[in-house]
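Notes to accompany the following structure.
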Amino acid sequence: MNDIKTAIENVTKELFGQEGSVELTRPDAQFGDFSSNVALQLAKKLGKNPREVAEAVVEKLQDIETINKVEIAGPGFINIYLTDQSLTSLVSLDYAKNRTDQTVVIETNNPNPFKAMHIGHAFNAILGDTIANLLDADGAHVYRVSYHGDVGLHVGKSMYSLLKYIDGDVDKLTNIAENERNSFMSKMYAEGSKVYKEDENAKAEIDDLAQQSFEPKTALYKQVYDICKNWSFEQIDQIVARLGNKPIDEQGRFLESDADHRGVKIVRDNVPEVFEESDGALIFPGSKYGAFDNAFVASNGRGLYAARDLGLMQLKNEYYHPQKSYIITAEEQRALLIGVIAAAELSMPDLKDVTVNITHGTVKLSTGKMSSRDGDVVEIDWLLDRIADAVKEHSGENNPAIEAGALRYQFLKVKIGTDVVFDINEAVSVVGNSGPYLQYAHARGCSILAKTTNEVGSYASNLNESEHLLVRKMTEYSEVIEHATRELAPHYICTYLYELSQEFNRFYEKNQVIGSDTETSRLKLVSDYTNILKQGLNILGIEAPEHV
RNA sequence: GCGCCCGUAGCUCAGUGGAUUAGAGCACUGGUCUUCGGAACCAGGUGUCGCAAGUUCGAAUCUUGCCGGGCGUACCA
C-alpha cells in the first residue's frame with residue numbers, strides 16, 4: 001500500500017510539482033482495492049479539470065507492475081486494482097507500534113466494595129481492560145490498576161444494615177455461604193439506602209457510620225468492615241476475571257482510604273495559590289478551567305472525592321512514574337475530572353499532561369426492570385448466567401470463553417462515549433454481529449486446518465472472486481489496528497473483524513478447501529484468516545478457542 | 001441560565017482527515033442444505049441522515065441558528 005502511495009506522490013510531484021501526502025482509501029470492492037481522490041484535490045489548486053489531472057496520473061500509474069488496472073470514476077477518482085499476487089503479499093499480522101517508549105497506568109476496574117457489581121461496572125471494566133490491551137498492542141508498558149471507594153456514605157449505608165443484621169454476633173456473618181455473599185451485600189446496601197432516605201434517625205446514624213469508615217469507633221465495626229471488605233474484593237476479582245479482564249498489577253489496587261489523607265495534604269499545602277477557602281471548605285475555582293468550582297475538602301475538614309483523586313494521582317506516580325495515566329469514567333464525571341486534572345497540574349506540576357480521562361456513556365436498560373430485588377440494576381453474575389444459558393442452548397455445554405466474548409463484544413462494538421441501550425435479548429444473542437459469531441467463524445477455520453494432512457502452502461497467483469474479497473479484507477488489518485490504537489477505539493476492530501468473518505463465511509459457502517486443486521493455497525488463506533481473527537479478538541480481550 | 005455530549009431504517013448501531021449508488025445486525029418473508037462445523041449463506045425494502053441556512057466541484061460528515069433528548073452546574077462519588 002505504501003508503495004502505491006509513494007508512487008502516486010512521485011507522479012504528482014513529477015507532473016505538477018506538487019508535494020504532499022496522498023490519501024489512499026479503501027473503496028467498495030467494485031471500485032477496486034485502493035482509491036485516491038488526489039486528482040480532485042489537485043484540480044482546484046492547478047486550475048484544471050479533475051478528470052484531466054486524473055488521466056495524466058493514471059497514464060503514469062499503468063506502468064507499475066503491481067497494479068493490474070487503474071480506472072477513473074465519477075468526477076475524477078482514481079481506482080486502483082492490484083494484481084492478486086501483489087495483493088496477497090500485503091497480508092500480514094504486523095502493524096506499526098507508536099507507544100513503545102511509554103509507560104502507562106490505566107484503571108481497568110473500580111467497583112466499590114460493600115455493594116454488588118452491576119452492569120455499569122462491567123461496562124466500565126471491559127472498556128478499561130480493552131483500552132489497556134490497545135495500549136499494550138501499541139507497544140506501551142502497561143500497568144493495570146484499580147481504585148475502590150472503601151470509605152464514605154455508601155459504606156455507612158451498608159454498615160447500618162450489617163450491624164443491625166448481626167445484632168452483636170459476628171458469627172451470623174461468617175455463617176453466610178460464599179455464593180450468597182454477593183446478593184447478601186447487595187441487599188444490605190439497598191436496605192441502608194432505603195432508610196437513609198426515609199428515616200431521619202437512621203440517616204443520622206448512617207452519617208456517623210460513614211464517618212467511622214475512616215476511623216472506626218468500635219472493634220465490632222472494624223471487624224464487620226474488614227470481613228465485608230475482603231468479601232467484596234474476592235467477589236470483584238472473581239467477576240472481573242469472568243468478564244475476561246486481565247488481572248491488575250500486584251501493587252495496583254488503590255483505595256480511597258489511602259488516597260484520602262494524601263489528597264487532603266496536597267490541597268492544604270496549596271492554599272491559597274491553587275485552592276481557596278470558601279464557607280469553611282477548600283475549593284478549587286474550576287470554572288476558570290472549563291469545569292466548575294468544586295469543594296475538595298469539606299468544611300468539616302474531611303477529604304472529598306476530588307481531593308482523593310489528587311492523592312491517587314500522587315500514588316500512581318510514586319509507584320509507576322507513568323508518562324500517561326488513563327482514567328475511564330462515565331460521561332457524567334467529565335466536568336469533575338476536568339477540574340481535578342486542572343487542579344492536579346497546578347498543585348503537582350510534575351504531573352502535567354499525564355492524566356487522561358476517557359468517558360463513556362451510561363448503560364440504560366431497554367426493558368426496564370429486569371433483575372434484582374433491590375431495584376433496576378442488573379447484577380453481572382445474573383447476566384452472565386443468562387448468557388451461559390443461551391450459549392448452552394447452542395452447544396449443549398457451558399463455555400466461559402464464549403460467555404465472556406458475547407458480553408465483551410456487545411459492549412465493545414459501539415463507539416465509546418455514547419449511551420448504551422442494553423437489551424438482554426441482544427446480549428445473550430449468539431447470531432449476527434456478535435462475539436460468538438466471530439468465535440464460531442474462527443473455530444470453523446481451525447477445523448479445516450485440523451482436518452488435512454497437507455501443509456499450508458503459498459497463495460496461488462490467481463484468486464477467484466470470494467478468495468479475492470477475503471484477501472482484500474485481510475490486507476486492511478494493520479490499518480485497522482493502527483487506527484484503533486491511535487484513537488483508543490476498540491469498535492473499529494469489532495467492525496472490521498465482523499466484516500472479515502462475513503467474507504470468510506461467504507468464501508466458506510462457495511469453496512471447498514480440502515481436496516480442491518488449490519488446497520495448499522486455500523489452506524494458506526484459511527490459516528492467515530484464523531491468525532488475523534485470533535490476534536484481533538485477543539486485542540479485544542476475547543478468546544478464540546479452536547472448538548466452541 | 002451557562003457548559004459538555006447526542007439525534008442515521010420499525011429497534012440497536014456503523015459510517016476514517018469531506019468524496020462514486022448512505023450500510024450492518026435484530027425483527028419479518030422466502031430460499032440454500034447427502035461436501036471441510038447451519039452459531040452459516042443467499043434473496044426480498046424502508047431512510048426529508050432532527051429542522052433550516054451557509055461554505056464547497058461535492059456535506060450524514062465542516063460552520064451558524066433553531067427543535068428534541070441526556071448529563072453536569074462546590075462540601076455524593
Side-chain angles (χ1 to χ4, degrees), chain A residues 21 23 25-28 30-31 35 37 40-41 43-44 49-50 73-77 79 112 149 152-154 210 256 278-287 290-306 308-309 329-336 338-339 359 361-362 364 366 391 393-395 402 413-415 417-423 425-426 429-434 436-441 443-452 479-480 483 487 489 491-492 494-495 498-499 501-502 505-506 508-516 522 526 547-548:
Chain A
S21 182
E23 295 273 328
T25 56
R26 301 286 193 155
D28 270 5
Q30 55 179 315
F31 297 121
S35 181
N37 62 359
L40 291 158
Q41 288 177 332
K44 188 169 189 188
N49 180 311
F77 293 100
N79 293 333
N112 287 336
L153 183 60
H154 72 279
E256 286 191 21
S278 174
D279 297 335
L282 298 179
I283 68 145
F284 176 70
S287 54
F292 54 90
D293 296 351
N294 191 19
F296 278 51
V297 176
S299 47
N300 64 8
R302 285 284 175 206
L304 297 167
Y305 171 84
R308 286 174 211 150
D309 243 20
T329 69
E331 201 240 341
E332 64 212 41
Q333 294 190 29
R334 174 181 292 218
L336 176 86
I338 289 171
T359 61
T362 46
K364 294 173 176 171
S366 64
V391 169
E393 267 184 48
H394 281 263
S395 65
I402 302 292
K413 73 178 175 181
V414 179
K415 175 178 54 188
T418 47
D419 289 347
V420 173
V421 177
F422 186 84
D423 184 289
N425 294 319
E426 201 183 323
S429 169
V430 299
V431 301
N433 188 357
S434 68
Y437 175 97
L438 300 179
Q439 290 168 312
Y440 175 74
R444 257 182 151 183
C446 290
S447 182
I448 293 173
L449 297 171
K451 271 211 164 68
T452 181
E479 293 158 49
V480 171
H483 189 200
E487 315 227 336
H491 79 285
Y492 290 129
C494 293
T495 304
Y498 177 64
E499 289 170 358
S501 294
Q502 281 185 311
N505 278 330
R506 287 172 192 141
Y508 186 97
E509 290 292 324
K510 289 183 188 162
N511 303 278
Q512 178 73 17
V513 175
I514 295 171
S516 75
R522 285 183 179 166
V526 174
H547 305 281
V548 300

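Numbered from 1 within each chain, the chains take letters A, B, ... in sequence-line order.
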- Does the A/Ser447 side chain pair with the main chain of A/Ala443, one donor and one acceptor, at a distance under 3.5 Å? no
- Between NE2 of A/His394 and C1' of B/G37 the distance, given in whole Å, is 14 Å
- Query: Across the strands shown, which category fits A/Asn37 at heavy-atom distances under 4.0 angstrom: base, sugar-phosphate, nothing?
  - Reply: base
- Message: Checking contacts here: which listed nucleotide (B/C71, B/C75, B/A40) is nearest the side-chain heavy atoms of A/Glu331?
- Response: B/C71
- Query: Do A/Asn433 and B/A24 share a donor-acceptor pair, side chain to base, under 3.5 Å?
  - Reply: no
- Classify the nucleic acid contact of A/Asn79 as base, sugar-phosphate or nothing, counting any heavy atom under 4.0 Å across all strands shown. base
- Closest listed nucleotide, where the reference is the side chain of A/Gln41 and the choices are B/G70, B/G38, B/A19: B/A19
- P atom, B/C49 versus B/U20: distance in rounded Å? 16 Å
- Task: Go through A/Tyr440 and A/His394 one step at a time and tell me if the side chain to side chain contact (heavy atoms under 4.5 Å, CB included) criterion holds.
- Result: CA-CA 11 Å; A/Tyr440 175 74; A/His394 281 263; over 6 Å; no
- Item | Base of B/C75 paired with side chain of A/Ser299 (donor-acceptor, under 3.5 Å) | yes
- Query: Across the strands shown, which category fits A/Glu256 at heavy-atom distances under 4.0 angstrom: base, sugar-phosphate, nothing?
  - Reply: sugar-phosphate
- Write down the distance between CG (A/Leu449) and C1' (B/C36), rounded to a whole number of angstrom. 10 Å
- Query: Among B/C36, B/C41, B/A39, which nucleotide sits nearest the side chain of A/Val548?
  - Reply: B/A39
- Message: Under 4.0 Å, heavy atoms only, any strand: does A/Ile514 hit a base, just the sugar-phosphate, or nothing?
- Response: base
- State whether the side chain of A/Asp28 and the backbone N or O of A/Gln30 hold a donor-acceptor pair below 3.5 Å, judged by distance alone. no
- Item | Phosphate OP1/OP2 of B/G17: any A/His483 side-chain N/O under 4.0 Å | no
- Message: Would you say A/Gln502 places a side-chain N or O within less than 4.0 Å of OP1 or OP2 belonging to B/A40?
- Response: no
- Query: With a 4.0 Å cut-off on heavy atoms, is A/Leu336 in touch with a base, just the backbone sugar-phosphate, or nothing at all?
  - Reply: base
- Message: Heavy atoms only, 4.0 Å cut-off, all strands: where does A/Asn511 land among base, sugar-phosphate and nothing?
- Response: base
- Item | A/Arg334 side-chain N/O to B/G3 phosphate OP1/OP2 under 4.0 Å | no
- Item | Sugar-phosphate only, base, or nothing, as touched by A/Phe284 at under 4.0 Å among non-hydrogen atoms | nothing
- Message: Can you identify which nucleotide, out of B/C42, B/G37, B/A14, has its nearest atom closest to the A/Thr495 side chain?
- Response: B/A14
- May I have the step-by-step check of side chain to side chain contact (heavy atoms under 4.5 Å, CB included) for A/Asn37 and A/Phe77, ending in yes or no? CA-CA 5 Å; A/Asn37 62 359; A/Phe77 293 100; 4.0 Å; yes
- Query: Considering only the C1' atoms, how many Å lie between B/U12 and B/U48, rounded to the nearest integer?
  - Reply: 22 Å
- Taking the same atom, P, in B/U56 and in B/G15, what whole-Å distance lies between them? 29 Å
- Selection from B/C36, B/G15, B/C75 that lies nearest to any side-chain heavy atom of A/Ser447: B/C36
- Task: Would you mind telling me which of B/A39, B/C71, B/U20 lies closest to the side-chain atoms of A/Glu332?
- Result: B/C71
- Task: May I ask you to say what A/Pro436 touches in the nucleic acid, namely base, sugar-phosphate or nothing, with a heavy-atom cut-off under 4.0 Å?
- Result: base
- Whole-Å gap separating P (B/A27) and CG (A/Asp423): 11 Å
- Take the protein atom CD of A/Glu509 and the nucleotide atom P of B/G37, then report the distance between them rounded to whole Å. 12 Å
- Item | Gap in Å between the two C1' atoms, one belonging to B/A24 and one to B/G45, rounded | 15 Å
- Sugar-phosphate only, base, or nothing, as touched by A/Arg302 at under 4.0 Å among non-hydrogen atoms: nothing
- Which of these nucleotides, B/G70, B/G38, B/A19, is closest to any side-chain atom of A/Lys364? B/G70
- Task: Tell me what A/Asn112 touches on the nucleic acid: a base, only sugar-phosphate, or nothing, going by heavy atoms under 4.0 Å.
- Result: nothing
- Donor/acceptor link under 3.5 angstrom from A/Ser35 side chain onto base of B/U20: yes
- Message: Regarding A/Ala443, tell me which of base, sugar-phosphate or nothing describes its non-hydrogen contacts under 4.0 Å with the strands shown.
- Response: base
- Message: Please report the distance separating the P of B/A39 from the corresponding atom of B/C26, rounded so that it comes out in whole Å.
- Response: 14 Å
- Item | Whole-Å gap separating C1' (B/C76) and OH (A/Tyr305) | 11 Å
- From B/A74, B/A39, B/A14, pick the nucleotide closest to the side chain of A/Val431? B/A39
- Does A/Phe77 lie flat on the base of B/U20, that is, centres under 5.5 Å apart and planes under 30° off? yes
- With a non-hydrogen cut-off below 4.0 angstrom, is A/Tyr508 in contact with a base, only sugar-phosphate, or nothing? base
- Message: Classify A/Asp293 by what it touches in the nucleic acid, base, sugar-phosphate, or nothing, heavy-atom distance under 4.0 Å.
- Response: base
- Task: On RNA chain B, check which nucleotide each of A/Glu426 and A/His547 is closest to and give me the residue with the more 5' one.
- Result: A/Glu426
- Provide the distance between the two P atoms, one in B/U16 and one in B/U8, to the nearest whole Å. 16 Å
- Message: I'd like to know if the side chain of A/Asp419 reaches the main chain of A/Gly361, judged simply by a donor and an acceptor atom lying under 3.5 Å from each other, with no hydrogens or angles considered.
- Response: no
- Would you indicate, yes or no, if B/G37 has its OP1 or OP2 atom less than 4.0 angstrom from a side-chain nitrogen or oxygen of A/Lys451? yes
- Backbone of A/Val513 reached by a side-chain donor or acceptor of A/Ser516 within 3.5 Å: yes
- B/U46 to B/C41 separation - P atoms, rounded to the nearest Å: 23 Å
- Reckon A/Val421 touches a base, only the sugar-phosphate, or nothing at all at heavy-atom distances under 4.0 Å? sugar-phosphate
- Query: Under 4.0 Å between a side-chain N or O of A/Arg444 and OP1 or OP2 of B/A40?
  - Reply: no
- Message: Take N1-N3 plus N6-O4 or O6-N4 for Watson-Crick, N1-O2 plus O6-N3 for G-U, both under 3.5 Å. Which runs of 3 or more such pairs involve RNA chain B?
- Response: B:1-7 with B:67-73, B:10-13 with B:23-26, B:28-32 with B:40-44, B:50-54 with B:62-66
- Query: Given that A/Leu153 and A/Pro27 both sit by RNA chain B, which one's nearest nucleotide is further toward the 5' end?
  - Reply: A/Pro27
- Look at the side chain of A/Gln512 and decide which nucleotide, out of B/C41, B/U35, B/C5, has an atom nearest to it. B/U35
- Query: Expressed in angstrom and rounded to an integer, what is the separation of A/Lys415 atom NZ from B/C5 atom P?
  - Reply: 13 Å
- Message: Distance check needed: B/A40 C1' versus A/Ile448 CD1, whole Å only.
- Response: 12 Å
- Item | Proximal nucleotide (of B/A14, B/A39, B/U21) relative to the A/Phe31 side chain | B/U21
- Query: Mind checking the P distance from B/C11 to B/A27? Whole angstroms is fine.
  - Reply: 16 Å
- Message: Nearest 0.5 Å, please: how far is CD in A/Glu499 from CG in A/Asn433?
- Response: 9.0 Å
- Query: Just how far, in rounded Å, is C1' of B/C41 from OH of A/Tyr440?
  - Reply: 11 Å
- Check if the side chain of A/Ser278 and the base of B/A74 share a donor-acceptor pair of N or O atoms closer than 3.5 Å. yes
